[in-house]
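Worksheet: one structure, shown below.
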Amino acid sequence: MADYNYINSHSVYPDHDQEFTASAGLSWQLNETSPYVEVIVGSGLRADATADDGSNIPNGASLPVYDNVNIGFEQTFKFADLDHFKARFDIINLFDQIWQLRDGSGIGVGAPQYGARRGFYGGLTWEF
């Protein structure tokens, strides 16, 4: 009830308000191989804060800055009957950064959530 009273008389940040989010990527073509690297950085989603008097300030703080690096490549194969057959391999969160997307506090959140741990993904594509 205290959160609702605070929200009723104060401006609050939305849950998904970050000060900044940025991404950058680089890919290049080496014959039939296309490697890439990408970086994602964010200032952290909103979380509750504690005022000097001990009261709760809904969405009054931010979680720590996070970053994530992903790499991968795609290889194209050209066989007689399978023109444009592709194999792809990706590593998500290359350095296995453990980062918290939300801590469970905030307006309407209720549960903590973390970014994905390091993952290895592969796929095959046949364009016909």
Q) According to a 4.5 Å side-chain heavy-atom criterion applied to Ile, Leu, Val, Met, Phe, Trp and Tyr, with indirect links allowed, do F95 and V65 form part of one hydrophobic cluster? A) yes
Q.
Tell me every residue that passes salt bridge (Lys or Arg N to Asp or Glu O under 4.0 Å) with D17, counting only those two or more places apart in sequence or in another chain.
A. none
Q.
If I compare all heavy atoms of T21 with all of Q18, which pair ends up nearest, and what's the gap?
A. OG1-NE2, 2.9 Å
Q | 4.5 Å side-chain heavy-atom contact, P112 and Q100 | A | yes
Q) Do you know which two heavy atoms are closest between P58 and I7, and how far apart they sit? A) CG-CG1, 4.2 Å
Q) If you look only at pairs with a residue in residues 53-75, which of them pass as a ring-ring contact (aromatic ring centres under 6.0 Å, His included), with sequence neighbours excluded? A) Y66-W99
(Q) Rounded to the nearest 0.5 Å, what separates atom CG in L45 from atom CG in L101? (A) 4.5 Å
Q: Write down the atom of P35, the atom of L30, and the distance for their closest heavy-atom approach.
A: CG-CD1, 4.1 Å
Q: Could you tell me which residues satisfy side-chain hydrogen bond (donor to acceptor under 3.5 Å, both in side chains) with D48, sequence neighbours excluded, listed by chain and number?
A: N56
Q) Got a sec, which pairs hit ring-ring contact (aromatic ring centres under 6.0 Å, His included) with one end in residues 8-37, sequence neighbours left out? A) Y6-H10
Q. Under 6.0 Å from the CD atom of E19, do we count more than 12 heavy atoms belonging to anything else shown?
A. no
Q: Provide the closest heavy-atom pair for D15 versus G106 in the form atom of the first, atom of the second, distance.
A: OD1-C, 4.2 Å
Q) Got a second to check how far N68's CG is from D96's CG, nearest 0.5 Å? A) 10.0 Å
Q: Return the minimal non-hydrogen interatomic distance between I92 and N70, and the atom names on each side.
A: CA-OD1, 3.3 Å
Q: Please identify each residue that fulfils side-chain hydrogen bond (donor to acceptor under 3.5 Å, both in side chains) with S62, with sequence neighbours left out.
A: R46
Q. Considering residues at least two apart in sequence or located in another chain, which fulfil the side-chain hydrogen bond (donor to acceptor under 3.5 Å, both in side chains) criterion with Q113?
A. R102
Q | Counterpart residues, side-chain hydrogen bond (donor to acceptor under 3.5 Å, both in side chains), relative to T50 (two or more places apart) | A | none
**Q.** A49: partners by side-chain contact (heavy atoms from CB on, under 4.5 Å), with sequence neighbours left out
**A.** I57, A61
Q) Among all residues two or more places apart in sequence or in another chain, which pass the side-chain contact (heavy atoms from CB on, under 4.5 Å) test with D52? A) none
Q) Under the side-chain contact (heavy atoms from CB on, under 4.5 Å) test, which residues partner A87, sequence neighbours left out? A) F77, L124
(Q) To the nearest 0.5 Å, what is the distance between CD on Q75 and CZ on R88? (A) 12.5 Å
Q. Under 4.5 Å between side-chain heavy atoms, hopping through other hydrophobics if needed: is there a path connecting F89 to W126?
A. no
Q. Between V69 and V37, is a side chain to side chain contact (heavy atoms under 4.5 Å, CB included) present by the stated rule, with each step listed?
A. CA-CA 7 Å; V69 177; V37 61; 4.1 Å; yes
Q | Residue list, salt bridge (Lys or Arg N to Asp or Glu O under 4.0 Å) with D67, at least two apart or on another chain | A | none
Q. Other hydrophobic cluster members with I98, side-chain heavy atoms of Ile/Leu/Val/Met/Phe/Trp/Tyr under 4.5 Å, chained?
A. Y114
Q) For the hydrophobic clusters of this structure (ILVMFWY residues joined by side-chain heavy atoms under 4.5 Å, transitively), does one cluster hold both I71 and V41? A) yes
